[in-house]
Trainee: 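Structure provided below as structure tokens; questions to follow.
If you read the sequence from its start, that first residue is 1, and numbering goes on from there.
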Amino acid sequence: MTREHAAGREAGNGDYRQRAAAAGLVPLWTFFGEWFSAEPRASAVAYRWRYADVRSTVLDAAAAVSTADAERRVLVLENPGLPGRHLATDALYAGLQLIMPGESARAHRHTASALRLIVEGENTYTAVAGERCYMRRGDLIVTPSWAWHEHRNEGGEPTIWLDVLDVPLIRFLGAGFSEQYSEPEHPKRAPPGDSRLRYGQGLVPVGFARSTGASPVFAYPFEYAYEALDHLRTHGERDACHAFKMEYIDPTSGGPAIPTISTFLQLVPVGFATSPYRSTAGQIVMAVRGRGRVTIGRGVETVTFDYEPSDVWAVPSWQHVAVEAAEESVLFIASDEAVHRKLGVWREERS
């Protein structure tokens, strides 16, 4: 094909695309390679938010806006690969929420499911469906879709937690609703710890009927989760890619604690380096304990950074990740694996 012929053909294609666009049509062949790539191409990049760097900015938000004016005083962890999209990974939103002593955040609800992983503070509660869940560092609190929830700091120090929500999925599906509670405070429906004692002890009330939503257990205290993880370390086998890793589940079904977000707690012993591992699930990770180094990717795109307690990092889909623990490390992980598994598209690869 001559250069003149090629130029003429390209001009003809341009004319054709314009005619197609005028008819509300787009030729698939112009973006087929992008949509049907040989393997996942995440827009998010590997990135770490150092807690020591961002903590002061989070605390300064108390002077910038009140909980009444902000609805929720949150600093969003926006991935540099997703500018303007307000997301930590392609499929998950994350942020650091602050509530000061004596403050409260009034009850609301939304179709997006949420989790809270407590970073610092005590004597603060999240009330879910009228049950108060008092929070301490490392505790996981689940907020099911369309459940009323509110927060109050009854202590003397600021409380900060990591929020992770499935907002991108809900927005993509066009299923986003939210509602403010009509009164200043939602009434108490059950005493603190009720859901764990009612559903999380290997027993359920006679006549209990499992719904299709999230776990009826709202609070997963860190002390119990770490005890189970430490027991696995003592009496189980160490996995080359994960060291010791356990999943938070709905004890009434065995499925994920949140239908759309998988949550895990991982223990990497001091001096251990995990083998590179990747899966189709994007991940948000927080170091609950320990220091070490994370390597994400391979080849020229490899990113390596050190981590300390409370640091948060994003692992994009289908990127190799390896952890080397300078101190015993306990890592909390939230990912969209639950959705991948339900859709039958989840894959993993061990190196």
Trainee: Side chains of Val330 and Gln266: does their closest heavy-atom pair fall under 4.5 Å?
Mentor: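 Result no, sub-4.5 Å side-chain heavy-atom pair not found.
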Trainee: Given salt bridge (charged side-chain N to carboxylate O under 4.0 Å, His left out), test Glu324 with Arg293 step by step and report yes or no.
Mentor: CA-CA 5 Å; Glu324 184 176 356; Arg293 176 171 296 177; 5.7 Å; no
Trainee: So with a 6.0 Å cut-off around CD of Glu348, is the heavy-atom count from everything else above 12?
Mentor: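 Counting other residues, nucleotides and ligands, CD of Glu348 exceeds 12 neighbours.
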Trainee: Between Asp230 and Phe244, does the side-chain contact (heavy atoms from CB on, under 4.5 Å) criterion hold? Intermediate values first, please.
Mentor: CA-CA 9 Å; Asp230 188 47; Phe244 303 97; over 6 Å; no
Trainee: Run the side chain to side chain donor-acceptor pair (under 3.5 Å) test on Tyr220 and Thr263 for me, step by step, so that the C-alpha distance in whole Å, both residues' side-chain angles and the decisive distance to 0.1 Å come before the verdict.
Mentor: CA-CA 11 Å; Tyr220 295 78; Thr263 48; over 6 Å; no
Trainee: I need the Ile261 CD1 to Leu115 CG distance, nearest 0.5 Å.
Mentor: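 With rounding to 0.5 Å, CD1 (Ile261) is 5.0 Å from CG (Leu115).
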Trainee: Given 3.5 Å as the limit, does a donor-acceptor pair link the side chain of Asp139 with the main chain of Arg136, or not?
Mentor: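 Pair found, side chain donor or acceptor close to backbone of Arg136.
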Trainee: Knowing that exactly one of Val74, Leu162, Thr57 qualifies, which makes a side chain to side chain contact (heavy atoms under 4.5 Å, CB included) with Leu96?
Mentor: Leu162
Trainee: Can Tyr277 be reached from Phe264 by stepping across I, L, V, M, F, W or Y side chains whose heavy atoms are under 4.5 Å apart?
Mentor: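 Result: no, two separate clusters.
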Trainee: Does the side-chain contact (heavy atoms from CB on, under 4.5 Å) test come out yes or no for His320 and Glu349, once each step is laid out?
Mentor: CA-CA 9 Å; His320 290 91; Glu349 182 180 277; 3.4 Å; yes
Trainee: In Å, rounded to the nearest 0.5 Å, how long is the span from CZ of Arg55 to CD of Glu120?
Mentor: 4.0 Å
Trainee: Check whether Arg17 reaches the backbone of Pro27 with its side chain - one donor and one acceptor, N or O, closer than 3.5 Å.
Mentor: no
Trainee: Going by the side chain to side chain contact (heavy atoms under 4.5 Å, CB included) test, name the single residue among Val164, Asp163, Val142 that passes it with Arg116.
Mentor: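 By the side chain to side chain contact (heavy atoms under 4.5 Å, CB included) criterion, Arg116 pairs with just one of Val164, Asp163, Val142: Asp163.
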Trainee: Hey, mind stepping through Arg350 and Asp239 against salt bridge (charged side-chain N to carboxylate O under 4.0 Å, His left out) and telling me if it holds?
Mentor: CA-CA 11 Å; Arg350 293 167 168 263; Asp239 184 275; 3.0 Å; yes
Trainee: Please round to the nearest 0.5 Å and tell me the distance separating atom OG1 of Thr89 and atom CG of Leu82.
Mentor: 7.5 Å
Trainee: Taking the inter-plane angle between the rings of Phe208 and Tyr199 on a 0 to 90° scale, is it parallel (under 30°), tilted (30 to 60°) or perpendicular (over 60°)?
Mentor: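 Rings of Phe208 and Tyr199: tilted, 30 to 60°.
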Trainee: Parallel, tilted or perpendicular for His186 and Tyr181, by the 30°/60° rule?
Mentor: tilted
Trainee: Just do the salt bridge (charged side-chain N to carboxylate O under 4.0 Å, His left out) check on Arg210 and Asp250 with the steps written out, would you?
Mentor: CA-CA 10 Å; Arg210 176 69 176 87; Asp250 174 352; 2.4 Å; yes
Trainee: Between Arg341 and Ser262, do the side chains contain an N or O donor and an N or O acceptor separated by less than 3.5 Å?
Mentor: no
Trainee: Indicate yes or no: at least one non-hydrogen side-chain atom of Ser317 is less than 4.5 angstrom from one of Asp90.
Mentor: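 No; the side chains remain at least 4.5 Å from each other.
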Trainee: To the nearest 0.5 Å, what is the distance between NE2 (His110) and CZ (Phe177)?
Mentor: 14.5 Å
Trainee: Does some side-chain heavy atom of Val54 sit less than 4.5 Å from a side-chain heavy atom of Leu75?
Mentor: no
Trainee: Under 3.5 Å, is there a donor-acceptor pair between the Glu71 and Gln180 side chains?
Mentor: yes
Trainee: Do Tyr248 and Ser215 meet the criterion of a side-chain donor-acceptor pair at a distance under 3.5 Å?
Mentor: no
Trainee: Indicate the ring-plane relationship of His235 and His231, choosing parallel, tilted or perpendicular according to the 30° and 60° boundaries.
Mentor: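 It falls in the tilted class, 30° to 60°.
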Trainee: Taking the side chain as C-beta and beyond, is there a heavy-atom pair between His108 and His149 under 4.5 Å?
Mentor: yes
Trainee: So how far is it from Leu98 CG to His151 NE2, rounded to the nearest 0.5 Å?
Mentor: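 Leu98 atom CG to His151 atom NE2 measures 11.5 Å (nearest 0.5 Å).
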Trainee: Is Thr274 reaching over with its side chain to a backbone N or O of Val323, donor-acceptor style, under 3.5 angstrom?
Mentor: yes
Trainee: So, do Lys342 and Pro256 sit near enough that their side-chain heavy atoms are less than 4.5 Å apart?
Mentor: yes
Trainee: Please report the closest heavy-atom contact between Asn153 and Met100, naming both atoms and the distance.
Mentor: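 It is CB-O, 3.2 Å.
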Trainee: Using modelled atom types and a 3.5 Å cut-off, is there a donor and acceptor pairing between side-chain atoms of Glu78 and backbone atoms of His86?
Mentor: yes
Trainee: With side chains defined as the heavy atoms from C-beta onward, is the minimum distance between Tyr134 and Pro192 less than 4.5 Å?
Mentor: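 The answer is yes, as the side chains (C-beta and beyond) meet within the 4.5 Å cut-off.
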Trainee: Testing the 3.5 Å rule here: is there a donor-acceptor pair between the side chains of Thr280 and His340?
Mentor: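 Yes - a donor-acceptor pair under 3.5 Å links their side chains.
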Trainee: How far does CD1 of Ile284 sit from CG of Asp336, to the nearest 0.5 angstrom?
Mentor: 9.0 Å
Trainee: If the threshold is 4.0 Å, N to carboxylate O, is there a salt bridge linking Glu150 and Arg106?
Mentor: no
Trainee: Under a 4.5 Å side-chain heavy-atom rule over Ile, Leu, Val, Met, Phe, Trp and Tyr, are Phe332 and Leu229 clustered together?
Mentor: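 Same cluster: Phe332 reaches Leu229 through Ile, Leu, Val, Met, Phe, Trp or Tyr contacts under 4.5 Å.
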Trainee: Are the side chain of Asp311 and the backbone N or O of Arg50 linked by a donor-acceptor pair below 3.5 Å?
Mentor: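 Judged by distance alone, no pair lies under 3.5 Å.
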Trainee: Contact between Arg298 and Pro276 at the side-chain level, heavy atoms closer than 4.5 Å - yes or no?
Mentor: yes
Trainee: Could you walk me through whether Glu301 and Arg41 pass the salt bridge (charged side-chain N to carboxylate O under 4.0 Å, His left out) test, one step at a time?
Mentor: CA-CA 13 Å; Glu301 298 181 351; Arg41 296 177 182 174; over 6 Å; no
Trainee: Does any N or O in the side chain of Arg289 come within less than 3.5 Å of the main-chain N or O of Glu327, such that one atom is a donor and the other an acceptor?
Mentor: no
Trainee: Determine the sole option in Val128, Leu140, Thr126, Asp194 for which the side chain to side chain contact (heavy atoms under 4.5 Å, CB included) test with Phe218 is passed.
Mentor: Val128
Trainee: With side chains defined as the heavy atoms from C-beta onward, is the minimum distance between Ile160 and Leu59 less than 4.5 Å?
Mentor: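 Ile160 reaches Leu59 side chain to side chain.
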Trainee: State, without any angle test, whether Glu131 and Ser195 hold a side-chain donor-acceptor pair at a distance under 3.5 Å.
Mentor: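 Present: a donor and an acceptor within the cut-off.
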Trainee: Would Val312 end up clustered with Phe305 when hydrophobic side chains under 4.5 Å apart are linked, directly or stepwise?
Mentor: no
Trainee: With side-chain contact (heavy atoms from CB on, under 4.5 Å) as the criterion, how do Trp313 and Leu331 come out once you've worked through the C-alpha distance, each side chain's angles and the decisive distance to 0.1 Å?
Mentor: CA-CA 11 Å; Trp313 59 92; Leu331 309 177; 3.9 Å; yes
Trainee: Check the pair Arg189, Trp148 against side-chain contact (heavy atoms from CB on, under 4.5 Å), reporting the backbone distance first and the verdict last.
Mentor: CA-CA 11 Å; Arg189 303 293 190 194; Trp148 292 110; over 6 Å; no
